[in-house]
2 protein chains.
Amino acid sequence: MGRGKIEIKRIENSSNRQVTYSKRKNGILKKAKEITVLCDAQVSLIIFAASGKMHDYISPSTTLIDILERYHKTSGKRLWDAKHENLNSEIERIKKENDGMQIELRHLKGEDINSLNYKELMGLEEALENGLQSIREKQA
Amino acid sequence: MGRGKIEIKRIENSSNRQVTYSKRKNGILKKAKEITVLCDAQVSLIIFAASGKMHDYISPSTTLIDILERYHKTSGKRLWDAKHENLNSEIERIKKENDGMQIELRHLKGEDINSLNYKELMGLEEALENGLQSIREKQA
DNA sequence: ATTGCTATGTATAAATT
DNA sequence: TAATTTATACATAGCAA
């Protein structure tokens, strides 16, 4: 819609991309406001630029939370439950990572090593010797 | 944008309102898709007609949940209930713990020790020597 | 109600400042 | 680099089927 026709594909020139983003973002926000007023619609529009900057519009007659509740009811798509599950599984994942590191730390400090086999002990010893050497070089 | 200019105020004729809604809704959805592709933007757009019908578009590179999370982070506006807040803060807490352990592990392996002061290095050396001793006792 | 048409108003790509 | 201008492409209001 300008001096030249453009293909709808990623604008490679980053400066042009940024300018186009800014203009079109304003255009969409305006359209969202207009349909809200003209047609009694309720709109939630959230845009993130590649840069991370955010712009949003929520029709004044409602709230984002209300829209999301209706979205959930209408589409049947889970938002909150899924979110909970995601958070829980992330906690699980991090806790496992955590436990692993805790065990490794204890081993490096010479604790709980009864369960280790010979090979594991050798590896541990080597790691410790390497660590000591690094530190002594640093102190020297 | 048509045969005549219109004021941006509620269209009183309900049939016209419906037609305009349908056309403009398509227009906005198209624009949302375009800015997504042209500018690497991430868009979440949810529209409810007065009739209750819903239409939505979420940029394919993301999810509504992800957008809402970023919205929450960016705007500071609460969307999630207390439970979410709790889960989030637990994740934060564990991640911090995690980071701390990771640093400690690296130090025990003799990595990233340039930032340590003399006293810290001495403590580290002692810990490593103790660890080594425990392991050698075990091997003996 | 939905679709297609088309004259006209808008949005905007490129140029300019 | 950012704001302004302008020519052009696009979106759409009113109409018709």
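Within every chain, numbering begins at 1; the chains are lettered A, B, ... in the order of the sequence lines, protein sequences first and strands thereafter. Since we're looking at a predicted model, the values are computed, not measured.
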query = Atom CG of B/N26 and atom P of D/dA13: how far apart are they, to the nearest Å?
reply = 12 Å
task = Taking only Lys NZ, Arg NE, NH1 and NH2, and the carboxylate oxygens of Asp or Glu, determine whether B/E12 and B/R10 approach each other closer than 4.0 Å.
result = yes
ask   = Taking atom P of D/dC10 as reference, at what distance in whole Å does atom CD of B/E34 sit?
value = 9 Å
Please tabulate, one pair per line, each protein N/O and nucleotide N/O from nucleotides 6-9 of chain D that are separated by under 3.5 Å, including the distance.
residue, atom, partner, partner atom, Å
D/dT6, O4', A/R3, NH2, 3.2
D/dT6, O2, A/R3, NE, 2.7
D/dT6, O2, A/R3, NH2, 2.9
D/dA7, O4', A/R3, NE, 2.7
D/dT8, O4', A/G2, O, 3.4
D/dT8, O2, A/G2, N, 3.4
D/dT8, O2, A/G2, O, 3.3

task = Would you mind classifying the nucleic acid contact of B/S22 as base, sugar-phosphate or nothing, using non-hydrogen atoms under 4.0 angstrom?
result = nothing
note = Output for pair (A/L38 CG, B/I11 CD1), nearest 0.5 Å, gives 4.5 Å
key: Contact summary for B/A50 and A/C39, nearest pair of heavy atoms   = CB-O, 4.1 Å
ask   = A/E7 CD to C/dA14 P: how many Å, rounded?
value = 12 Å
key: Atom of B/I47, atom of B/Y21 and distance for their closest heavy-atom approach   = CG2-OH, 3.4 Å
ask   = Roughly how many Å is it from CD1 in A/I8 to P in C/dT12, rounded to a whole number?
value = 11 Å
inquiry  = Could you check whether B/E97 pairs with B/R93 (Lys NZ or Arg NE/NH1/NH2 to Asp/Glu carboxylate O, under 4.0 Å)?
reply    = yes
ask   = Within the structure shown, what part of the strands sits under 4.0 Å from B/T20 by heavy-atom distance: base, sugar-phosphate, or nothing?
value = sugar-phosphate
key: Euclidean distance, atom OH of residue A/Y21 to atom C1' of C/dA13 [Å, nearest integer]   = 18 Å
query = Are OP1 or OP2 of D/dT12 and a side-chain N or O of A/K31 less than 4.0 angstrom apart?
reply = yes
query = Taking atom P of C/dA14 as reference, at what distance in whole Å does atom CZ of A/R24 sit?
reply = 11 Å
query = Does A/Q18 put a side-chain nitrogen or oxygen below 4.0 Å from OP1 or OP2 of D/dA2?
reply = no
ask   = What nucleotide among C/dT12, D/dA13, C/dT2 has an atom nearest to a side-chain atom of A/K23?
value = C/dT12
B/K77 and B/Y71: CA distance, side-chain angles, deciding distance, side chain to side chain contact (heavy atoms under 4.5 Å, CB included) verdict = CA-CA 8 Å; B/K77 285 176 194 159; B/Y71 176 88; 3.4 Å; yes
request  = Could you check how far NZ of B/K25 sits from C1' of C/dT2, rounded to whole Å?
outcome  = 11 Å
ask   = Out of curiosity, does B/L132 fall in the hydrophobic cluster containing A/I113 (side-chain heavy atoms, cut-off under 4.5 Å, transitive links)?
value = yes
request  = Please report, rounded to the nearest Å, how far the C1' atom of C/dT10 is from the NZ atom of B/K30.
outcome  = 14 Å
